[in-house]
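First comes the structure, then the notes that go with it.
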Amino acid sequence: MELFAGKGGAGRSAHKALDKIANMLAQLPNLRLEQLVEDNAVLIIVDMINGFVNEGPLASPNVLAINDRIAALAAACAASGIPVAALADCHTLSSPEFGSFPPHCLEGTAETELTDQLRAIGGITRIEKNSTNGMLEPRFKDWLREYGSGTYIIVGCCTDLCVQQLALTLKTTFNRANATSRVIVPSSCVATYDLGFHDSGLTGIMALYNMMLGGIELCSEITF
């Protein structure tokens, strides 16, 4: 990766910083699900739907690769009594997002549905969202008021878009109210796409780093 090629010291400094961040992320600890059950945690799954996993212009093999892992975690959470919500992109043809991305996840299509692995679990509350930031959806805010207790596990895609926006908005909402919260993102259960200059390795690392700077608790995975 030729980051800041030709910039001399700036380029070397950037490479060193990225190496340090990557090494730090490679040493993240694991968390035990039983500990999170004791904390009355909830699980929030972001956009693990057909339109990003299996079909359509924004489906990514990187996201497909975490689907089974997230489904296993969701099943373990459901079996342990942890409430599970799944945010699902759902747009009309008039969506302004289509100025930045090709039309995707149109309402009434299979692209907006949870993957088969998640649907098979049962008991997951599916909540549609019409932007990259699910925190803005009134129905999601209602769900948080009913089930939220201060500990939130966030998984899904994309690390640098919907996951990052949700995690930081959730955390800063509590910060503003001087309320203690624990927002947890397992790095093994988030992914983003590769397309042109959008390199999943670079954008994923920087998104995780930005979340950490914003007070998000990172772990490698949640074991059960």
What do the steps show when you test Cys105 against Ile49 for side-chain contact (heavy atoms from CB on, under 4.5 Å), and what is the final call? CA-CA 9 Å; Cys105 302; Ile49 56 178; 3.7 Å; yes
d(Asp47 CG, Cys157 SG) to nearest 0.5 Å is 5.0 Å
Cluster overlap Ile205 with Leu213, hydrophobic side-chain contacts below 4.5 Å: yes
Rounding to 0.5 Å, atoms CG (Leu114) and CG (Asn67) come to a distance of 10.0 Å
Within-4.5 Å side-chain heavy-atom neighbours: Trp143 and Val42: yes
Applying a strict under-4.5 Å side-chain criterion to I, L, V, M, F, W and Y, I'd like to know whether Met212 and Ile154 cluster together. yes
To check you understand the geometry: which heavy-atom pair defines the closest contact between Gly156 and Ile66, and what is its length? O-CD1, 3.9 Å
For residues Val185 and Thr159, determine if any side-chain heavy atom of one lies less than 4.5 Å from a side-chain heavy atom of the other. no
Just by distance, do the side chain of Glu97 and the backbone of Thr132 share a donor-acceptor pair under 3.5 Å? yes
Pairs under 3.5 angstrom only: tabulate donor-acceptor contacts from the side chains of residues 19-27 to other protein residues two or more places apart or in another chain.
from, atom 1, to, atom 2, distance (Å)
Asn23, ND2, Asp19, O, 3.2
Gln27, NE2, Asn23, O, 3.3

Are side-chain heavy atoms of Glu128 and Glu107 found at a separation under 4.5 Å? no
Heavy atoms of Ile153 and Ala41 approach each other most closely as CD1-CB, 4.2 Å
Aromatic ring centroids of Phe174 and Tyr152 under 6.0 Å? yes
Please report the closest heavy-atom contact between Thr192 and Cys158, naming both atoms and the distance. OG1-CB, 3.5 Å
Just so I know, are the side chains of Val63 and Met48 near enough to count as touching, which here means a heavy-atom distance under 4.5 Å? yes
Assess whether salt bridge (Lys or Arg N to Asp or Glu O under 4.0 Å) is satisfied between Arg139 and Asp142, documenting all intermediate values. CA-CA 5 Å; Arg139 185 168 173 236; Asp142 290 341; over 6 Å; no
Run through the side-chain heavy atoms of Ile, Leu, Val, Met, Phe, Trp and Tyr, join any pair under 4.5 Å, and report what else lands in Leu136's cluster. none
Thr223 and Leu31: side-chain contact (heavy atoms from CB on, under 4.5 Å), yes or no, with the steps? CA-CA 6 Å; Thr223 59; Leu31 294 179; over 6 Å; no
Taking all heavy atoms of Lys171 and all of Gly215, pick out the closest pair and write down the distance. CE-O, 3.5 Å
Would you give the length of the straight line joining atom CG of Asn133 to atom CZ of Phe140, rounded to the nearest 0.5 angstrom? 9.5 Å
Could you grab the distance from atom CD of Glu137 to atom CG of Leu166, nearest 0.5 Å is fine? 11.0 Å
Given side chains that start at C-beta, do those of Leu106 and Thr112 come closer than 4.5 Å, heavy atoms only? no
Residue pairs involving residues 195-224 (criterion ring-ring contact (aromatic ring centres under 6.0 Å, His included); sequence neighbours excluded): Tyr193-His198
Between Ile70 and Val190, is there a shared hydrophobic cluster once you connect ILVMFWY residues whose side-chain heavy atoms come closer than 4.5 Å? no
Would you say Ile45 and Val37 are hydrophobically clustered, going by side-chain heavy atoms of ILVMFWY under 4.5 Å? yes
Rounded to the nearest 0.5 Å, how far does CE of Met211 lie from CD1 of Ile184? 13.0 Å
Output, in order, the C-alpha distance, side-chain angles, deciding distance and verdict of side-chain hydrogen bond (donor to acceptor under 3.5 Å, both in side chains) for Asp194 and Ser60. CA-CA 8 Å; Asp194 288 294; Ser60 168; over 6 Å; no
Taking every non-hydrogen atom, the tightest pair across Ser188 and Ser220: OG-O, 2.7 Å
Under 3.5 Å, which donor-acceptor pairs link side chains of residues 72-89 to any protein atom two or more places apart or in another chain?
from, atom 1, to, atom 2, distance (Å)
Ser80, OG, Ala76, O, 2.9
Asp89, OD1, Lys129, NZ, 2.8
Asp89, OD2, His91, NE2, 3.0
Asp89, OD2, His104, NE2, 3.1

Tell me if a side-chain donor or acceptor on Thr115 pairs with a main-chain N or O of Asn50 at a distance below 3.5 Å. no
Side chain Arg126, main chain Arg119, donor-acceptor under 3.5 Å: no
For Met135 and Leu144, run side-chain contact (heavy atoms from CB on, under 4.5 Å): C-alpha distance rounded to whole Å, both residues' side-chain angles, the deciding distance at 0.1 Å, then the answer. CA-CA 10 Å; Met135 190 67 188; Leu144 287 176; 3.8 Å; yes
With heavy-atom distances below 4.5 Å as the criterion, would you say the side chains of Val46 and Val155 are in contact? no
Do you know the tightest heavy-atom contact between Pro57 and Glu111? CD-OE2, 4.0 Å
In terms of hydrophobic clusters joined by side-chain contacts under 4.5 Å, are Ile222 and Ile121 together? yes
What's the separation between atom CD in Gln164 and atom CG in Leu168, rounded to the nearest 0.5 Å? 5.5 Å
Please report the C-alpha distance between Met206 and Leu202 in whole Å, then the side-chain angles of each, then the deciding distance to 0.1 Å, and finally whether the side-chain contact (heavy atoms from CB on, under 4.5 Å) criterion is met. CA-CA 6 Å; Met206 291 311 302; Leu202 174 62; 4.1 Å; yes
Listed by chain and number, what are the side-chain contact (heavy atoms from CB on, under 4.5 Å) partners of Pro138, not counting sequence neighbours? none
Can you pull out every salt bridge (charged side-chain N to carboxylate O under 4.0 Å, His left out) where at least one residue sits in residues 210-224? Sequence neighbours excluded, please. Arg182-Glu217
